[in-house]
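Presented below is the structure to which this report refers.
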Amino acid sequence: MAGTRGLARLTPVDLLRFAIVGFGNVGAALARHVHERSERVGRRYGIDLRLVAVADSTGFLNDTAGLDGNELAAWRESGRRLAERSGAHRHCQLEDVLAAGVDVVVISLPTDRDTGKPGLNVARASIAAGAHVVLADKGPALLALPELEREAALRGVTVGASATVGAALPTLSVARRELAGAELLEIEAILNGTSNLILTSMRERGISFHEAVAEAQRAGIAEPDPSYDVQGWDTAVKLTILTRALIDERATLNLVGRTGIDELEPDFVEWAHRTGGRIRLIGRAVRRNGGAVVTVAPEVVPPHNPFHLVDGARKAIRFVTDDLGELVVTGGASGRRDVAAALLRDMLATKCQSGVWKG
Ligand code: HSE
């Protein structure tokens, strides 16, 4: 059969029951993505991905035999809410959502940067109930990822957060696994695809900042309020999550020195281009005096720098260590599919220990 040559064909034997809590654009995209990839995952890893519950603020649906993610995604995309479906429960208590037995809870609720709620409460309760947690929501990761990971370890479960820190660009997992044993001295990164796409479009096609923002919105990668991207908030949030997890847990968003690309002066842009440089919105966390100094600002990247060629919605990260030198990862463009694919990756990782797939 096309696409399976050379691969052992497995009958799915390992059931992975998952719930999606928060059924907006991201939740619906995940439901559809899993629906489209379930055959591949079953064939390749022997895992039967089963959506057993979805919840939004109006209610929830559950079925131990599995819900149709594609149909639910279409329902959501037509602007309707879960409580309007027949068979829906018109309340939303997490214990009821989990009652049917859930291995992984995917949390894709609106982010509150100050309190992490309601996603943080859902994460804590899910872990307490013995479920793995996968975060699409940046709020809980920003405020409490290390704490959630400690709680999860005590319960023998895990917290996946790759969708909150670059999605398709691997960041946390690279640092933790490939740089284990070394001291991480600095993180330098392009973490916001929207800003990088805007800067690239302005340079390559000479369009205005506002035209480039509108294009990024049409491409579906800018946040609903694009000032979150262009003022550097998105980069600051992602970098704070990484800094707390990898350098200093005391780092907080309000201590990030932040300048966005909306503050670029035309003379500066013209000078950068004339001298062969490229402007990137760079997030930087430097280990210093037992803590970390975290900044976000546009910088001019010269031609020999690995970030010079990171154009469009692509992202990049450079880790500087004492014993393992420097490591640069590029790629992971922001797009419509990347968050859903990163969530699926984290779901599958719950079945993978020490690089060996079970199932
Ligand atoms: N708006 C973000 C970006 C995607 O442009 O990278 C979600 O984090």
Side-chain angles (χ1 to χ4, degrees), residues 22 24-30 33 106-113 116 119 134-143 145 160-173 187-202 209-245 253 256 258 260-262 264 279-284 296-298 307 310-317 329-346:
N25 291 341
V26 171
L30 175 66
H33 185 68
V106 181
I107 301 173
S108 58
L109 290 160
T111 294
D112 183 315
R113 288 196 303 241
V134 169
L135 297 173
D137 180 357
K138 295 188 182 77
L142 175 67
L143 292 173
L145 181 59
S162 78
T164 71
V165 282
L169 178 78
T171 54
L172 265 181
S173 60
I187 302 169
E188 182 188 36
I190 299 168
L191 291 171
N192 183 252
T194 298
S195 294
N196 211 48
L197 179 63
I198 290 168
L199 292 167
T200 304
S201 302
M202 289 169 67
F209 175 75
H210 294 290
E211 285 173 298
V213 170
E215 278 190 5
Q217 286 180 297
R218 285 197 292 277
I221 68 164
E223 300 294 322
D225 174 3
S227 62
Y228 183 72
D229 295 294
V230 300
Q231 292 179 357
W233 284 111
D234 182 61
T235 304
V237 166
K238 290 168 178 168
L239 191 59
T240 303
I241 297 170
L242 288 170
T243 304
R244 285 168 55 83
L253 184 61
V256 178
R258 183 182 46 78
I261 63 167
D262 57 330
L264 284 171
I279 301 171
R280 306 290 183 212
L281 183 63
I282 302 286
R284 192 183 299 284
V296 177
F307 286 5
V310 181
D311 274 334
R314 293 167 68 227
K315 291 171 277 192
I317 191 160
V329 185
T330 68
S334 297
R336 289 185 196 275
R337 193 184 277 268
D338 74 308
V339 176
L343 293 170
L344 175 57
R345 175 176 67 195
D346 281 354

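In each ligand, atom 1 is the first atom listed, and ligand 1 is the first ligand listed. In this chain, numbering begins with 1 at the start of the sequence shown. These numbers come from the heavy atoms of this one structure, side chains and all, not from hydrogens, waters or symmetry mates.
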Going by heavy atoms in the side chains, are [X] and [Y] under 4.5 Å from each other?
X: Thr194; Y: Tyr228; result: no
X: Thr243; Y: Val256; result: no
X: Val26; Y: Leu30; result: no

Provide the number and element of each atom of ligand 1 under 4.0 Å from a heavy atom of [X].
X: Gly193; value: 3 (C), 5 (O), 6 (O)
X: Lys138; value: 7 (C), 8 (O)
X: Ser334; value: 3 (C), 5 (O), 6 (O)

Original post:
Does CG in Asp112 sit with more than 12 non-hydrogen atoms of other residues, nucleotides or ligands closer than 6.0 Å?
Top reply: yes
Original post:
Is the shortest N/O to N/O distance between Lys238 and ligand 1 below 3.5 Å?
Top reply: yes
Original post:
Does Ala222 reach ligand 1 with a nitrogen or oxygen that is under 3.5 Å from one of the ligand's nitrogen or oxygen atoms?
Top reply: no
Original post:
What residue and heavy atom of the protein are closest to atom 5 (O) of ligand 1, and at what distance?
Top reply: Thr194 OG1, 2.6 Å
Original post:
To the nearest 0.1 Å, how far is atom 7 (C) of ligand 1 from its closest protein heavy atom, and which atom is that?
Top reply: Glu223 OE2, 3.2 Å
Original post:
Side chain, backbone, both or neither: which part of Asp234 comes within less than 4.0 Å of ligand 1 when only heavy atoms are counted?
Top reply: side chain
**OP:** Of the side chain and backbone of Asp229, name the one, both, or neither that has a heavy atom under 4.0 Å from an atom of ligand 1.
**Re:** side chain
Subject >> CA sep, side-chain torsions, deciding dist, call: Glu223, Trp233, side chain to side chain contact (heavy atoms under 4.5 Å, CB included) >> reply: CA-CA 11 Å; Glu223 300 294 322; Trp233 284 111; over 6 Å; no
Original post:
Taking atom types as modelled and ignoring hydrogens, do the side chains of Ser162 and Asp346 form a donor-acceptor contact shorter than 3.5 angstrom?
Top reply: yes
Original post:
Passes side chain to side chain contact (heavy atoms under 4.5 Å, CB included), Asp311 versus Arg280? Steps please.
Top reply: CA-CA 9 Å; Asp311 274 334; Arg280 306 290 183 212; 2.9 Å; yes
